[in-house]
Amino acid sequence: MNPYQTLSSPLLNDAGLNCHAVFDIASLSTDARHLLIERCPQVIKYRQLILIGHGGRQFWQSLSATDAVISTEASNHPVDDFTVSIVRQFFESECSGVDYEIMYPGAYTVSLQELGKLAGWHHASPFMVGINATFGSWFAYRAMILANTNLPTSTPVKTTSPCHDCSSKICIQSCPAQALDGGEFHLLKCVSYRQLENSRCKETCVARVSCPVASEHRYSEQQIHYHYGRSIRMINAMAKR
Ligand code: B12
């Protein structure tokens, strides 16, 4: 069990949705509550906010074992579809009759990384994706749900950033776009380099892959290519507009 796995649900955990944080909305800071209300007004109808993520490889293995075709078509969202179907099954079987709404995946623009900070999952890394001591950067936010549940609230996991003790800063040196120079992430350098014909980061992130933290949890090549393939297609589409 990892320190973020606070719900014992076999449905979630067997699907690799093994990171959970339950917040009582009324106990959030006033600032966080206002931001949430601004971004998703429905918040006022619910008691709890549940953040669900995956850490490590199990999620992809479980997704691959379903009939979902892991398509590279931008219109197809097997990761989100699989997550939503597991979350719905979780509510049907383990929180039956409870009102809930899935806000992510969806159209709402709440910062998942800010929620991850509140949950103690997220430390900033030089390469923009969050990092934590258990999974390194090999975790992501898969669902955010508002619900009238009475689940036990989770205590934020307190850890220091693994980047703190990293003396080599190999990610900064290995970025072919020099997009991490000076310890800051330069999105434009990253994105412009990724769009080049002979880019080494078209369907991967050389800096992220070079990070030694929790490399045993590193996604498979197929999963890395899937996620970065999607983001490069989104970037290319935005550039054409
Ligand atoms: C836009 C986006 C991108 C854009 C980046 C554009 C940019 N300007 O940064 C693009 C398309 C390039 C991108 C790519 C990728 N992304 Co992206 N992306 C996002 C997205 C949708 C929003 C990020 C963002 O703009 N955040 C800042 C915004 C929300 O700030 P804001 O509106 O100004 O809000 C501020 C305040 O109002 C306040 N706030 C807002 N809401 C709330 C709520 C609370 C409670 C509080 C306290 C505060 C608060 O905080 C913000 C200030 O920090 C997030 C998902 C999400 N909804 O968070 C994923 C996300 C950041 N991406 C993610 C990933 C993994 C990637 C990719 C690696 C590919 C992928 N999809 O797997 C690539 C690689 C990036 C690269 N090197 O090229 C992950 C990171 C996971 C992690 N472990 O940290 C996220 C979290 C998605 C996920 N499902 O997990 N991405």
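Computed from heavy atoms alone, side chains included, the values below leave out hydrogens, waters and symmetry copies. Whatever order the structure lists ligands and atoms in, that order sets their numbers, starting from 1. What you see is a predicted model; the values in this text were computed from it and never measured. FYI, the numbering just counts along the sequence from 1.
- Listed for the K45 side chain is no donor-acceptor partner under 3.5 Å among the backbone atoms of A147.
- The shortest separation from a heavy atom of C205 to ligand 1 is not under 4.0 Å, leaving the residue out of contact.
- In this structure, the side chain of R88 does not engage the main chain of V84 through any donor-acceptor pair within 3.5 Å.
- Shortest contact from atom 83 (N) of ligand 1 to any protein heavy atom: F139 O, 2.9 Å.
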* Check the pair V213 / C166 against side chain to side chain contact (heavy atoms under 4.5 Å, CB included), numbers first and verdict last. => CA-CA 9 Å; V213 180; C166 173; 5.9 Å; no
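- Within a 4.0 Å radius of atom 16 (N) of ligand 1, the protein contributes no non-hydrogen atoms.
- Proximity to R142 (heavy-atom distance under 4.0 Å) selects the following atoms of ligand 1: 89 (N).
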* Report the C-alpha distance between Y4 and N132 in whole Å, list the side-chain angles of each, state the deciding distance to 0.1 Å, and finish with yes or no for side chain to side chain contact (heavy atoms under 4.5 Å, CB included). => CA-CA 10 Å; Y4 314 98; N132 71 48; 3.4 Å; yes
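- Counting atoms of ligand 1 from 1 in the listed order, those under 4.0 Å from a heavy atom of Q113 are 61 (C), 80 (C), 82 (C), 84 (O), 86 (C).
- From the protein, the heavy atom lying nearest to atom 48 (C) of ligand 1 is L35 CD1, 3.4 Å.
- Against a heavy-atom cut-off of under 4.0 Å, Y228 is close to the following atoms of ligand 1: 68 (C), 74 (C).
- Using a non-hydrogen distance threshold of 4.0 Å, K117 does not register as a contact of ligand 1.
- For atom 41 (N) of ligand 1, the nearest protein heavy atom is under 4.0 Å away.
- Considering backbone and side-chain N/O atoms, M234 never comes within less than 3.5 Å of an N/O atom of ligand 1.
- At least one heavy atom of Y104 sits closer than 4.0 Å to an atom of ligand 1.
- Per-atom contact check: atom 68 (C) of ligand 1 touches the protein, criterion being a heavy-atom distance below 4.0 Å.
- The nearest protein heavy atom to atom 3 (C) of ligand 1 is not closer than 4.0 Å.
- For the pair Y108/R39, no side-chain contact is recorded, criterion being any heavy-atom separation below 4.5 Å from C-beta on.
- Side-chain N or O atoms of T204 include none that pairs as donor or acceptor with a backbone N or O of C201 at under 3.5 Å.
- Using a 3.5 Å distance cut-off with no hydrogens or angles, the side chains of D24 and Q48 do pair a donor with an acceptor.
- D14 contributes no side-chain N or O that, together with a main-chain N or O of S9, makes up a donor-acceptor pair within less than 3.5 Å.
- For G130, a nitrogen or oxygen atom sits less than 3.5 Å from a nitrogen or oxygen atom of ligand 1, counting backbone and side chain alike.
- The backbone N or O of Y228 lies less than 3.5 Å from a partner atom in the side chain of R194, making a donor-acceptor pair.
- When heavy-atom distances to ligand 1 are checked against a 4.0 Å cut-off, L187 comes that close only through its side chain, counted from C-beta outward.
- Proximity of atom 37 (O) of ligand 1 to the protein is indicated by at least one non-hydrogen atom lying closer than 4.0 angstrom.
- Between Y226 and W60, the gap from one ring centroid to the other is short of 6.0 Å.
- Nearest protein heavy-atom neighbour of atom 71 (N) of ligand 1: H227 O, 4.5 Å.
- The one candidate from I145, L146, L151 that meets the side chain to side chain contact (heavy atoms under 4.5 Å, CB included) condition with T149 is L151.
- For the pair Y141 and ligand 1, the shortest N or O to N or O distance falls below 3.5 Å.
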* To do: Step by step, work out the side chain to side chain contact (heavy atoms under 4.5 Å, CB included) result for I50 and F91.
  => CA-CA 12 Å; I50 305 163; F91 273 91; 4.0 Å; yes
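- Within 4.0 Å of atom 54 (C) of ligand 1, not a single protein heavy atom is present.
- Below 3.5 Å of separation, one finds no N or O of L36 facing any N or O of ligand 1.
- Near M128, meaning under 4.0 Å from one of its heavy atoms, ligand 1 places the atoms 75 (C).
- Considering only non-hydrogen protein atoms, atom 26 (N) of ligand 1 sits nearest to S111 OG, 4.7 Å.
- The nearest protein heavy atom to atom 80 (C) of ligand 1 is closer than 4.0 Å.
- In this structure, the protein non-hydrogen atom closest to atom 78 (O) of ligand 1 is R194 NH1, 3.0 Å.
- Near V110, meaning under 4.0 Å from any of its heavy atoms, are these atoms of ligand 1: 41 (N), 43 (C), 56 (C), 57 (N), 58 (O).
- When non-hydrogen atoms are compared, ligand 1 lies under 4.0 Å from the side chain of L115 (C-beta onward) but not from its backbone.
- Only the side chain of S231 comes within 4.0 Å of ligand 1, counting heavy atoms alone; its backbone N, CA, C and O stay farther away.
- At a 4.0 Å heavy-atom cut-off, ligand 1 touches V129 through backbone and side chain alike.
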* To do: With side chain to side chain contact (heavy atoms under 4.5 Å, CB included) as the test, would you mind laying out the steps for L115 and Y141 before giving the verdict?
  => CA-CA 10 Å; L115 277 171; Y141 304 90; 5.8 Å; no
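- R57 forms no cation-pi arrangement with Y219, by the criterion of a distance under 6.0 Å to the ring centre and an angle within 45° of the ring axis.
- Residue contacts with ligand 1 include R208, since one or more of its heavy atoms lies under 4.0 Å from the ligand.
- Side chain of S199 to main chain of Q195: no donor-acceptor pair is present (N/O by atom type, distance under 3.5 Å, no hydrogens or angles).
- Going from atom CG of N18 over to atom CZ of R142 covers 11.5 Å, rounded to the nearest 0.5 Å.
- Residue R230 places every heavy atom at 4.0 Å or more from ligand 1.
- Atoms of ligand 1 found under 4.0 Å from any heavy atom of C190 (numbered from 1 in listed order, with element): 76 (C), 77 (N), 78 (O).
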* To do: Could you check H54 against Q58 for side-chain hydrogen bond (donor to acceptor under 3.5 Å, both in side chains), going step by step and ending with a plain yes or no?
  => CA-CA 8 Å; H54 85 255; Q58 177 65 45; over 6 Å; no
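- At distances below 3.5 Å, at least one donor-acceptor pair connects side-chain atoms of H186 with backbone N or O atoms of D181.
- If you check which protein heavy atom lies closest to atom 58 (O) of ligand 1, you get L112 N, 2.9 Å.
- The closest non-hydrogen atom to atom 34 (O) of ligand 1, taken over E114, E38, R39, H122, comes from R39.
- Atom 30 (O) of ligand 1 lies below 4.0 Å from none of the non-hydrogen atoms of the protein.
- I224 and F139 end up in different hydrophobic clusters when Ile, Leu, Val, Met, Phe, Trp and Tyr side chains are linked at under 4.5 Å.
- No side-chain donor-acceptor contact under 3.5 Å links H34 and E38.
- Of the heavy atoms in A140, both backbone and side-chain atoms come closer than 4.0 Å to ligand 1.
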